[in-house]
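See below for the structure under consideration.
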Protein chains: 2
Amino acid sequence: MDRLLLRYFLAVVDTGSFSRAADLTRVSQPTVSSAIARLERDVGTPLFVRSNRRVELTEAGARLVQPARRIEAAFVEAQAALAETHAITTIRLGLASTLAADFVEAIVVACRALPGVRLELIERRAGELAALLDRGRVDLALGPLGASDTRRAIALFEEPYLLALWDSHPLAQAETIAAETLVDEPMLVRRQCEALPLVSQFFTARGVRPFMAARSISEERVAGYVRAGLGLTVMPRSLGAPGVALRPLAGFGLTRTVGLVLEPGEHGPGKHGRAVRSGVVDAIRSAISG
Amino acid sequence: MDRLLLRYFLAVVDTGSFSRAADLTRVSQPTVSSAIARLERDVGTPLFVRSNRRVELTEAGARLVQPARRIEAAFVEAQAALAETHAITTIRLGLASTLAADFVEAIVVACRALPGVRLELIERRAGELAALLDRGRVDLALGPLGASDTRRAIALFEEPYLLALWDSHPLAQAETIAAETLVDEPMLVRRQCEALPLVSQFFTARGVRPFMAARSISEERVAGYVRAGLGLTVMPRSLGAPGVALRPLAGFGLTRTVGLVLEPGEHGPGKHGRAVRSGVVDAIRSAISG
DNA sequence: ATCCATGATAGCTTTTGTCTATGCACTGTA
DNA sequence: TACAGTGCATAGACAAAAGCTATCATGGAT
């Protein structure tokens, strides 16, 4: 008998349904299902009668409710007792992989200045961050904002995607570069890039099917390849590096808005943690303007 | 923050030492060590000051003690609340692999007749059962008793190891069989047999180095091989099967005593479970005499 | 009769929990 | 001052747990 099992148990009791309990506790329905099954196996007797439309407690289940609540309360109390003094809150910050390293560095520095905050960084591709927020695995996510989830998002800045060339490339001086002039240029694939499908679509639509000289997960490495003259690529402006020239691609107006998204539920940081989180948000905002 | 972690925490508090806490909770010292480390990571602050000779609580640690005790008490209370009515106790019975199948079957039948008992069988080689008892992974172990652990053991019966031959084998009628007459006989290896080293020693000492026609984990399969005439083997009398003749080996007086060993600590079954366990012991005894 | 809602099951991956073996740091003794 | 002993930490391996997605089964509602 374990804290987690009892939590799911109580969630089922409170919602009257396995699926809703899963939503409440932010796990999948099979997770709740198997947790209850395990608890029943431990206890040696069924706790719920599953009729198809609703779930109700057995006698044994009913007997477990109050003790389970006391246990959960005792845990909460214990955590409160500790929070009372040491007052360190861990903020789990999800980071999109396509953020500039020095940019992230500045954020870390800004957050380290905050008292009572411990930062945990979780790097994922941009698309995966939303799921992490939903599952409550991170408290805050920093990355390009999709058009959809503008709900609890805080936009920080907007930037264009530009063509990256090495400094001495003939086209590096051009004001604007037409896709058609790039037919014979080798290109590099930034594998984590959220705009990757749009970029390749842009080129193929113009009959440009370049040789892909490299595909890499590492932004630093790609910048190095560009600088070394291995090929060109498209990247957000903030990823620019010394020795790499960034020029607009004619007809490619895509931009991205980088911002913060807050974890929605009431599960994440408690009322204290919430204040801490907004402190982190402020620190990040000022790190960017500064 | 989890029940298990708090248990180890309290054990350290109570014993004043990681190693003794490990003994108390019957896990290894590194287990306690890493559990405390994990708890401290969760909580965000050290709970113990490790000075080399003793371990003492930090302020945060001290603050956790009472809440942790309340939590553990609440769990115990919850389990008691359930035990009150449905009163099913699971008895984990360790079984040596070299017990006859029908013998085990009789035991299971006898135990199923007991009310409020759920039997969980854990099959291991004889040598591994002692460790399971020590770690509190089983409540009761049934198998050959070693000379050493006669402490809490209950002997049930004693039996010789005999040579197993197929019915129509020329030697099957002999009163006693001398090892030397077996020089050209293929033999079978019962891989789980606790007496294996002694048996092979017995033969090699007499210059008999037989061809091993098969080595198997399954007693049933070995019996089948003997019956089919693939080879001979040595087995405890109780493993005899129809179509298999058992004859004494001249000069091989080894016997084994099969018995029950009780789990020693106070961790295992509670005072209620203890009564149940002795019921199981009685059931097993009568299953054997019957 | 079909569809929808809801829980169970299967298969798979990641994380946790545990072990053994070994390292390191301090203590007390020769 | 060296050296054995004690006690916690670490490494590496492995098994079990806990999670997910995808799919199935079932029974009421349309």
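Below, chains carry the letters A, B, ... as their sequence lines are ordered, and counting in each starts from 1.
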Only one of B/Thr89, B/Val280, B/Thr90 passes side chain to side chain contact (heavy atoms under 4.5 Å, CB included) with B/Val117, and that residue is B/Val280
Any chance CZ of A/Arg118 has more than 12 other-residue heavy atoms, nucleotides or ligands included, within less than 6.0 Å? yes
Pick out which of B/Arg125, B/Glu194, B/Gln192 makes a side-chain hydrogen bond (donor to acceptor under 3.5 Å, both in side chains) with B/Thr98. B/Glu194
Scan the side chains in residues 5-12 of chain A for donor-acceptor partners under 3.5 Å anywhere in the protein, sequence neighbours excluded, and list what turns up.
none

Which letters describe nucleotides 5-11 of chain D, given B = protein heavy atom under 4.0 Å from base, S = only from sugar-phosphate, - = neither? -SSBBB-
Could you state the interatomic distance from CZ (A/Arg277) to CG (A/Leu140), rounded to the nearest 0.5 Å? 6.5 Å
Which nucleotide of DNA chain C is the first, and which the last, in the 5' to 3' direction, to come under 4.0 Å of a heavy atom belonging to chain B? C/dG17 to C/dT27
Applying side-chain contact (heavy atoms from CB on, under 4.5 Å) to B/Val258 and B/Leu145, what does each step give before you reach the verdict? CA-CA 6 Å; B/Val258 173; B/Leu145 303 178; over 6 Å; no
Check whether any side-chain nitrogen or oxygen of A/Ser28 sits under 4.0 Å from OP1 or OP2 of D/dC20, and answer yes or no. yes
Hey, is CD on A/Gln29 packed in by over 12 heavy atoms from elsewhere, all under 6.0 Å? yes
With distance as the sole criterion, is a donor-acceptor pair present between the side chains of A/Ser216 and A/Arg221 under 3.5 Å? no
A/Leu39 CG to D/dA18 P: how many Å, rounded? 11 Å
Integer-rounded Å distance: D/dA16 P and A/Asp42 CG: 16 Å
